[in-house]
Amino acid sequence: MKKIKANNNQSFIMGAAILTLCLLIVKIIGMLYKVSLSRLYGPVGAALLSNAYELYIPLFTLATAGFPIAVSRMVSESMSKGRYKDVRRIKEVAIPFFVIAGVVAFLLMILFSFFYVRIIKSPDSFISMIVLAPAIFFGCLVSAYRGYYEGMRNMVPTSISEVVEALVKLLVGYSFAYVVMNYGGKLFGITDERLLLKYSVAAAIFGITLGSFCSFLYIYLRYRIQGDAITQEMYDSAPKPRKRRETFRILLRTAIPIGLGALIMSVAGTVDSMLIQRRLIHMMERIPDALLSQYPGLIPPEKVQDGLVHSYLWGCYSYALTIMNLVVTVTQAFGTTALPNVTEAYTKGNRDYLKRSMETVMRVTFVFTIPAGLGLTALADPIMHLVYGHTDGVDISVEVLKLMGIAVIVFAAATPMCSMLQAVGRVDMPLKLYAVGMLIKVVSNYIFCGIPQINVQGGSIGTLLCYTFVIIVSIYVLIKETGIVPDFRVAVLKPLAASAICIAASWLSYRLLANVVPPRTLGLLIATFCAVFIACVVYAIFLILFRAISKEDVMMLPKGARIASLLEKYHLIK
């Protein structure tokens, strides 16, 4: 088996840059997929698509049970100690577990689908859930290899496998969905529009399952052909590995608290879907006029007559959720790349390196999440109309995104913060934080979603309260465990000040341009693009003026050495 060079590990910023770029591509492709389907279906079809995902995500998380993160952490720790035989042993032990977990989760999703569609009163979602079930099995298999490579700080296999999965999902899923929706009557003799919608969503879901299979096939063949970062010389010189049983015990001990914490976090989406829709159903049964009066002329009468108001509003919520997930995807990459870097620093007992690693993760996270979240709030109207056009429900989604933009700042930052807790040995802490956070979210959703004036917006309020708690406590515990106090002035306050200025500039520029350009799609595109471009330029300028970025950050940019030299000349960076 061929081996790639051992020195291909990336630094945190380089690894984050590689993974972030590819995951952004993946998320943009995913957004195109969901937006295209939303335009094809409308809010009710979007709700059917979202319902299948909401059952899939917690079951997939349960199946992997934190093992990819545990594999990554153990591989990173073993690599830093030169225990290369243990690295291979970890993979040998983990893969059979992933196979068994994938089969069990596949069967559970089929079983739970019968009950879940009854709880949310959406029988049309059933076939989509069944078609999506095999994706759990293939997802488990690919997760084993992703965790293995990520522990070596090689983010390329994960990145490419994600892109492969997304492209297949878009090309196959949307093509099949379009054919069924527009030609299903001629090809299959289906005349009922509701049946066409149900089977079209299932066809779109098939693209997701096929994409999951292709992703696994790529990463498996890559490993068989190229191998990993361990040369034969490194392997031969390494100490004797642990026994398989001992390795499995350590893996299990590491994975269970991580997995349960991740499970609780992923269940949040299912809680949103189930609880929000149930509260909307309850209001439509008890006080329909109070709820409908919040959206005069915005909910089609036929949706009211068919009893689909809860699905319609949940579909509008999912429109905004698709945009929000772009931000979350980037910080998931930060969390993935932070784990092996902080683990190595903590394992070696290097406090200076650990402090720099922690501050880099926090700084890069908040430098991104704060302006992104505030930008979604300030430009919610043009963003939603630019992405979804004049699709039914967009005006409702605009109001959802305004509040969701604030919530995403803490939601997106939670993953990197909890990854650092896991890296310093507190693998139990995210579980505890997410458990309490979930309780906060459930109570908040129940209270706020039951108020007609708030209704579906209660989901965003619950998210904001839940992850604000998680962020504050996780940072407190991180400081307590390491004895290191990060520089919050640089990591949080300076990005916040620069963000406030750049968002004000973007909002003003959009308002000015919107009065000048033609009030059509092209004019909206020009005004929005210019506003975002101005925001980025202003933000970069004030980050430099406030000295919120370091020389290392700049060096990772294209032509970074030249830019850093210029900024150093004027004493703008250290």
At what distance, to the nearest 0.5 angstrom, does [atom1] of [X] lie from [atom2] of [Y]?
X: L48; Y: I127; atom1: CG; atom2: CD1; answer: 11.5 Å
X: L403; Y: L464; atom1: CG; atom2: CG; answer: 7.0 Å
X: S113; Y: N51; atom1: OG; atom2: CG; answer: 11.0 Å
X: L401; Y: Y319; atom1: CG; atom2: OH; answer: 14.0 Å

Can you pull the side chain to side chain donor-acceptor pair (under 3.5 Å) pairs that have at least one residue in residues 491-508, sequence neighbours excluded?
->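 Not a single pair qualifies under side chain to side chain donor-acceptor pair (under 3.5 Å).
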Please check if the distance between the ring centroids of F114 and F126 is under 6.0 Å.
->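 Ring-ring flag for F114/F126: true, centres closer than 6.0 Å.
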Kindly say whether the aromatic ring centers of F112 and Y116 come within a distance under 6.0 Å.
->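 That pair fails the under 6.0 Å test.
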Just list the side-chain donor-acceptor pairs under 3.5 Å for residues 173-180, sequence neighbours left out, or say none.
residue, atom, partner, partner atom, Å
S175, OG, L171, O, 2.5

For [X], give me all partners under side chain to side chain contact (heavy atoms under 4.5 Å, CB included), at least two apart in sequence or on another chain.
X: I29; answer: I25, A166, L167, L170
X: C536; answer: V532
X: L493; answer: none
X: R194; answer: D124, D192

Listed by chain and number, what are the side-chain hydrogen bond (donor to acceptor under 3.5 Å, both in side chains) partners of [X], not counting sequence neighbours?
X: Y388; answer: none
X: S128; answer: none
X: Y41; answer: S200
X: S215; answer: R146

Mind listing the closest non-hydrogen atom pair of A133 and I110 along with its distance?
->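 Heavy atoms only, the tightest pair is CB-CG1, 4.0 Å.
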M129 versus L55, closest heavy-atom pair with distance |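 Closest approach of M129 to L55: SD-CD2, 3.8 Å.
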Determine which pairs satisfy salt bridge (Lys or Arg N to Asp or Glu O under 4.0 Å) with at least one residue from residues 385-408, sequence neighbours left out, and list them in order.
->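 Applying salt bridge (Lys or Arg N to Asp or Glu O under 4.0 Å) to every pair that reaches into residues 385-408, excluding sequence neighbours, yields E399-K402.
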List, one per line, each side-chain donor-acceptor pair under 3.5 Å for residues 278-286, sequence neighbours excluded.
residue, atom, partner, partner atom, Å
R278, NH1, I119, O, 3.0
R279, NE, Y446, O, 3.0
R279, NH2, Y446, O, 3.1

Within 45 degrees of the axis of the six-membered ring of Y33 and under 6.0 Å from its centre: does K169 put its NZ or CZ there?
->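 Geometry flag: set, cation within 6.0 Å and 45°.
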